[in-house]
Amino acid sequence: MRYVVIIPARFKSTRLNGKPLKDINGIPMIVRTFNQCCKAVDRNLIYVSTDDSRIEKVCKENNIKVIMTKQNCLTGTDRVYLASKKINADVYINLQGDEPLFNPKDIKKIIKYSKKHQNEIITGFTKIKSREMLKSPHVPKVVFSEDKYLLYASRSPIPTDKSGKFKFGYRQVCIYAFPKKYLKKFYSTKKSKLEFEEDIEYLRFLEKGINLKCIELSDKSVAVDTNEGLEKVRKIIQRLEKNKSNINSF
């Protein structure tokens with residue numbers, strides 16, 4: 001199986017403008033995310049896909065392969081599709097550019113599973129362990145079938161009982177494996193109805209009747225969506241970097 005890792009990155013994030021270039025203890029976020037990928041795969045198989053010259057400049061300064069997609073993209077997955085037109089592979093691993101703490105073991109797990117199931121879209125989930133995460137609109141919650149195919153994803157706390165109480169749940173882990181044929185079906189210049197309402201891009205696949213296989217990953221990833229999330233990640237990395245043995249395990 002020929003695969004590549006694509007890190008989509010845009011500068012104009014609605015919740016945190018300039019997010020990929022935010023400084024995290026002396027290193028831009030996009031570079032930290034790339035470095036996590038390098039712990040799992042050869043750096044020559046990793047590309048950043050962006051339409052911003054500032055991000056391109058930082059990537060080139062750090063010897064990171066970069067693909068420019070000049071047109072506006074609705075989502076990171078749309079940007080991955082445009083990158084797939086320039087890089088030939090069987091499967092494209094999409095890791096969001098705001099994941100500077102992503103667990104390399106999870107990248108390896110996604111790739112290993114994808115090699116055995118090359119015709120399936122694969123994504124990750126993990127257990128929700130805090131009420132704060134449950135209530136956060138920045139954390140997509142997921143429900144899936146007994147055989148681990150995605151049923152729905154929402155920014156609301158799901159599932160809940162009739163009294164509105166939450167008993168258990170899972171959250172999305174933002175990594176995907178896309179066979180090339182599904183990327184082409186996904187690409188659009190308009191968001192689908194549920195995707196638009198929830199602002200969760202892979203709902204577009206469900207609305208097109210395309211299944212997504214969910215596999216359990218670790219809970220070490222911390223996506224950066226807000227200034228509060230950025231400060232949280234800075235503190236975690238600062239703590240880890242005081243103990244080199246810990247930072248190498250991430």
State, to 0.1 Å, how close [X] and [Y] come at their nearest heavy-atom pair, and which atoms those are.
X: Leu82; Y: Cys73; result: CD1-SG, 3.5 Å
X: Gly97; Y: Thr33; result: O-OG1, 3.1 Å
X: Pro28; Y: Val58; result: CG-CG1, 4.1 Å
X: Cys37; Y: Val5; result: SG-CG1, 4.1 Å
X: Leu150; Y: Val143; result: CD1-O, 3.6 Å
X: Leu194; Y: Leu203; result: O-CD1, 3.7 Å

Donor-acceptor contact below 3.5 Å, side chain [X] vs main chain [Y]:
X: Glu201; Y: Thr77; result: yes
X: Ser49; Y: Val80; result: no
X: Arg54; Y: Phe11; result: no
X: Arg234; Y: Asp23; result: yes
X: Asp42; Y: Asn44; result: yes
X: Gln96; Y: Ala223; result: no
X: Lys141; Y: Val139; result: yes
X: Lys213; Y: Asp147; result: yes

So which pairs with a foot in residues 108-128 pass side-chain hydrogen bond (donor to acceptor under 3.5 Å, both in side chains), sequence neighbours left out? Glu120-Tyr149

Does [X] share a hydrophobic cluster with [Y], counting links as ILVMFWY side-chain heavy atoms below 4.5 Å and allowing steps through other members?
X: Val142; Y: Leu134; result: no
X: Tyr92; Y: Ile175; result: no
X: Ile210; Y: Leu183; result: yes
X: Ile7; Y: Leu21; result: yes
X: Leu95; Y: Ile27; result: yes

Check whether the side chains of Lys39 and Gln36 place a donor and an acceptor atom closer than 3.5 Å, and report yes or no.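 Yes, because at least one side-chain N or O of Lys39 sits under 3.5 Å from a partner of the opposite role on Gln36.
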
Distance-only side-chain donor-acceptor flag, Ser154 / Glu198, under 3.5 Å: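 Yes, side-chain donor-acceptor contact under 3.5 Å.
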
Kindly state each residue pair satisfying salt bridge (charged side-chain N to carboxylate O under 4.0 Å, His left out) with at least one member in residues 75-95, sequence neighbours excluded.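 Counting only pairs at least two positions apart or across chains, the salt bridge (charged side-chain N to carboxylate O under 4.0 Å, His left out) contacts touching residues 75-95 are Arg2-Asp90, Asp51-Arg79, Asp78-Arg204.
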
Inter- and intrachain pairs under ring pair (Phe, Tyr, Trp, His ring centres under 6.0 Å), touching residues 200-221, at least two apart: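 Counting only pairs at least two positions apart or across chains, the ring pair (Phe, Tyr, Trp, His ring centres under 6.0 Å) contacts touching residues 200-221 are Tyr176-Tyr202, Phe178-Phe205, Phe186-Phe205.
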
Can you pull the ring pair (Phe, Tyr, Trp, His ring centres under 6.0 Å) pairs that have at least one residue in residues 48-90, sequence neighbours excluded?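 Ring pair (Phe, Tyr, Trp, His ring centres under 6.0 Å) check on residues 48-90 returns Tyr81-Tyr187.
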
Measuring from Ile121:CD1 to Asn211:CG, what's the distance to the nearest 0.5 Å? 8.5 Å

Are [X] and [Y] ion-paired here, with the side-chain N under 4.0 Å from a carboxylate O?
X: Lys57; Y: Glu61; result: yes
X: Lys191; Y: Asp199; result: yes
X: Lys232; Y: Glu132; result: no

State, with a plain yes or no, whether a side-chain heavy atom of [X] is found less than 4.5 Å away from one of [Y].
X: Ile93; Y: Ile110; result: yes
X: Lys105; Y: Ser218; result: no
X: Lys148; Y: Ile215; result: no

Run the ring-ring contact (aromatic ring centres under 6.0 Å, His included) test against His138 and tell me which residues pass, sequence neighbours left out. none

What residues, two or more places apart in sequence or in another chain, satisfy salt bridge (charged side-chain N to carboxylate O under 4.0 Å, His left out) together with Lys60? Glu56

So which of Lys19, Arg32, Lys22, Arg10 actually passes salt bridge (Lys or Arg N to Asp or Glu O under 4.0 Å) with Asp98? Lys19

How are the rings of Phe125 and Tyr170 set relative to one another: parallel (under 30°), tilted (30 to 60°) or perpendicular (over 60°)?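 Rings of Phe125 and Tyr170: perpendicular, as their planes differ by over 60°.
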
